[in-house]
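The structure appears right after this line, and notes come after that.
A, B, ... follow the sequence lines: proteins, then strands. Residue 1 opens every chain. Atom set for the values below is all heavy atoms of this structure, side chains included, hydrogens, waters and symmetry mates excluded.
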Amino acid sequence: MNYKALAERLLPGEYPPLESYEEKYPPRNLPKGAEVTRLAPSPTGFIHLGNLFAAIANERIAHQSGGILYLRIEDTDLKRKVDGAVEAVKNALRYFDIKFDEGAEIGGDDTYAPWYQRQRAEIYRAFVKHLVEEGRAYPCFCTEEELSALREEQTAKKEVTGYYGKYAKCRNLSEEEIYRNLDEGKPFVIRLKSLGNPENKRKFRDEIKGDITVPENDQDVVILKSDGIPTYHFAHAIDDHFMRTTLVIRGEEWLASLPIHIELFEALGFERPRYGHNCSLMKQDGESRRKLSKRKDPELSLEFYRKEGYFARAVKVYMLTLLNSNFEEWYRKNPEAPLESFKFSAGKMSKSGTLFDLDKLNDISKDELSKLSAEEMFDFLKTWADEYGTETQKGYFVDREKMLNTLTLCMGIGGKKRRKDFTTASQAMEFIKFFFERTPQEDEYRCDQETRVAVLTSFLKKYDPADDGQTWFAKVKETAAENGFAAEMKEYKTNPENYKGSVADVAEILRIATTGRANTPDLCTIQQILGEKETRARIKAQL
RNA sequence: GGCCCCAUGGUCAAGCGGUUAAGACACCACCCUUUCACGGUGGUAUCAUGGGUUCGAAUCCCGUUGGGGUCACCA
């Protein structure tokens with residue numbers, strides 16, 4: 001077989017010599033130990049927590065080693081393309097402070113561009129042509145129908161499915177048959193002529209999983225599709241070589257195709273990058289758990305977290321605690337240190353699937369939010385409200401002074417202990433709402449109407465907006481005593497049967513009457529800020 | 001089904017041949033309390049299973065079971 005002629009027929013025309021690509025995309029001039037990592041999404045525009053999870057790992061590893069993180073767009077499949085996707089991905093990641101050094105629409109060093117795989121067609125084809133010339137790749141004319149028939153046959157016979165060995169029909173086509181097919185204008189793909197045998201196992205060192213065994217590949221995988229564009233596997237080998245990637249951190253779902261990638265790198269004569277296959281973020285689905293999916297879990301999209309107003313740093317801290325098990329302890333000891341100063345390590349990444357735990361995220365969110373100053377909170381909430389808030393909510397920010405005071409009170413700034421009442425911007429906006437209007441009753445009074453009216457009436461009689469906190473609370477106690485409630489907690493606890501309840505219950509009645517809720521900051525201060533008129537009006541309305 | 005990965009409380013997990021098997025979230029109780037929160041203290045709860053190896057196993061080996069991933073001209 002004249003492979004040279006076949007290659008020319010399959011991929012006609014002059015291609016630059018292979019070495020020229022080595023020169024065009026030279027090894028990077030980086031300090032020793034610097035890692036080059038990448039994020040390589042397909043342009044569906046959809047990005048979820050699992051993607052962020054991997055993104056943070058790649059970003060940390062690149063930047064803490066003095067290396068490079070770049071963005072490559074894997075757009076070899078037109079069906080996946082969505083307009084504006086690259087912008088969407090960049091925005092989502094920027095929100096979480098993932099910064100690229102170079103890549104699609106990033107700017108920076110363009111030595112290794114283009115960053116869209118579709119624009120790299122020539123490089124791929126040059127190397128495919130080379131493989132054909134060497135007899136390591138061949139055209140395949142099988143139709144979709146033939147292929148699926150083959151599948152069924154193999155399934156029925158309980159054999160491994162795929163295009164390999166004796167099932168690789170086109171592998172053994174004669175020269176005449178090939179040219180006849182070509183002359184008839186039959187569409188074709190180009191497949192790798194695999195030399196492997198899955199019975200042979202190889203030791204492989206994975207940066208996350210450690211030593212694993214990998215069977216040799218024997219699948220004659222498609223490397224160039226009938227539209228002349230490579231498949232993921234082939235593009236991966238070419239791109240990660242010429243973009244000089246040193247470490248590929250990618251999802252565990254790729255582990256199964258590692259044998260293909262190993263063979264491809266060897267066939268091309270490239271040194272391969274190191275790999276780390278990270279566990280997927282899982283979701284509880286009824287009895288079992290499964291990996292996060294774009295289709296089934298839209299609520300886990302990054303967009304969802306922005307809409308809810310999750311604090312980016314909190315999400316990042318949570319991801320980091322999942323990513324590196326020693327992070328949490330480090331963070332506890334170094335609460336003030338920038339997150340970047342944590343020594344991230346691929347070897348510390350979990351080997352088994354991790355269930356996403358919203359409770360934990362929420363806890364971290366409260367902590368992170370409680371560290372903000374009133375101004376920082378103002379900015380955080382305003383940014384959120386500008387994009388996602390209602391008109392009413394946007395209005396809260398008009399009177400900056402009032403908003404700042406409100407936040408100061410609601411966050412417990414200046415008090416002994418910071419409050420931690422809300423998890424997200426949208427929750428925060430709900431929480432502070434009673435300042436601007438009495439919220440519709442969220443919590444029910446836990447007493448009968450008669451008691452409530454009696455309590456409120458006697459409080460109203462004593463109420464004086466000029467009272468300071470102590471005097472105010474003394475009056476709450478009096479109100480309690482007058483209505484059969486214990487004024488002192490201790491007294492109530494020793495003889496609960498003597499009372500209807502304690503001063504706490506009275507305070508709750510007043511709180512609900514004033515705000516609509518049982519959970520608010522200091523009630524006395526709230527009433528002061530609301531003013532006498534508003535306070536009286538709100539309470540009277542509850543009689 | 002074949003192949004590969006994984007296995008410590010409800011969840012995230014420390015542990016690397018000898019520990020009372022850390023810690024965090026959640027849950028419960030109590031304490032603090034000028035109410036709501038915050039905070040503090042304590043508690044419930046884990047080494048999937050069967051065999052080895054060893055004086056000694058959560059830790060090493062093998063089997064079993066269970067969970068996950070993957071088997072496209074998708075990435």
CG-SG distance between A:D421 and A:C410, expressed to the nearest 0.5 angstrom = 7.5 Å

Distance check, [atom1] atoms only: [N] and [M], in whole angstrom units.
{"N": "B:U70", "M": "B:C55", "atom1": "C1'", "answer": "45 Å"}
{"N": "B:A58", "M": "B:G9", "atom1": "P", "answer": "15 Å"}
{"N": "B:A45", "M": "B:A37", "atom1": "C1'", "answer": "28 Å"}

Is the phosphate of [N] approached by [X] (side-chain N or O, under 4.0 Å from OP1 or OP2)?
{"X": "A:T155", "N": "B:G2", "result": "no"}
{"X": "A:S325", "N": "B:A14", "result": "yes"}
{"X": "A:R290", "N": "B:G67", "result": "no"}
{"X": "A:R202", "N": "B:C3", "result": "no"}
{"X": "A:K475", "N": "B:U34", "result": "no"}

task = Please tell me if the side chains of A:L49 and A:L302 come closer than 4.5 Å, counting only heavy atoms from C-beta onward.
result =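 A:L49 vs A:L302: side chains touch.
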
task = Evaluate whether atom CD of A:E184 has more than 12 neighbouring non-hydrogen atoms of other residues, nucleotides or ligands under 6.0 angstrom away.
result =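 More than 12 heavy atoms, drawn from other residues, nucleotides or ligands, come within 6.0 Å of this atom.
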
ask   = Under the criterion ring pair (Phe, Tyr, Trp, His ring centres under 6.0 Å), which of A:F204, A:Y232, A:F234 is the partner of A:H261?
value =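 Testing each of A:F204, A:Y232, A:F234 against A:H261, the sole residue satisfying ring pair (Phe, Tyr, Trp, His ring centres under 6.0 Å) is A:Y232.
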
So [X], base contact, sugar-phosphate only, or nothing? Heavy-atom distance under 4.0 Å.
{"X": "A:V189", "value": "base"}
{"X": "A:R80", "value": "base"}
{"X": "A:S280", "value": "nothing"}
{"X": "A:E329", "value": "nothing"}

query = Can you find a donor-acceptor N/O pair under 3.5 angstrom joining the side chain of A:Q470 to the base of B:U34?
reply = yes

inquiry  = At a heavy-atom distance below 4.0 Å, what parts of residues 227-241 of chain A sit against RNA chain B?
reply    = A:Y232

Selection: residues 510-520 of chain A, any non-hydrogen atom under 4.0 Å of RNA chain B =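 Going residue by residue through residues 510-520 of chain A, the ones with a heavy atom under 4.0 Å of RNA chain B turn out to be A:R511, A:A518, A:N519, A:T520.
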
message = Between A:Y499 and A:F485, is the ring centroid distance below 6.0 Å?
response =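 No, the ring of A:Y499 stays outside the 6.0 Å limit from the ring of A:F485, centre to centre.
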
ask   = Less than 6.0 Å separating the ring centroids of A:H48 and A:Y305?
value = no

inquiry  = For a stem of at least 3 consecutive Watson-Crick or G-U pairs with distances under 3.5 Å, i pairing with j, i+1 with j-1 and so on, which stems involve RNA chain B?
reply    = B:1-7 with B:65-71, B:10-12 with B:23-25, B:27-31 with B:39-43, B:48-52 with B:60-64

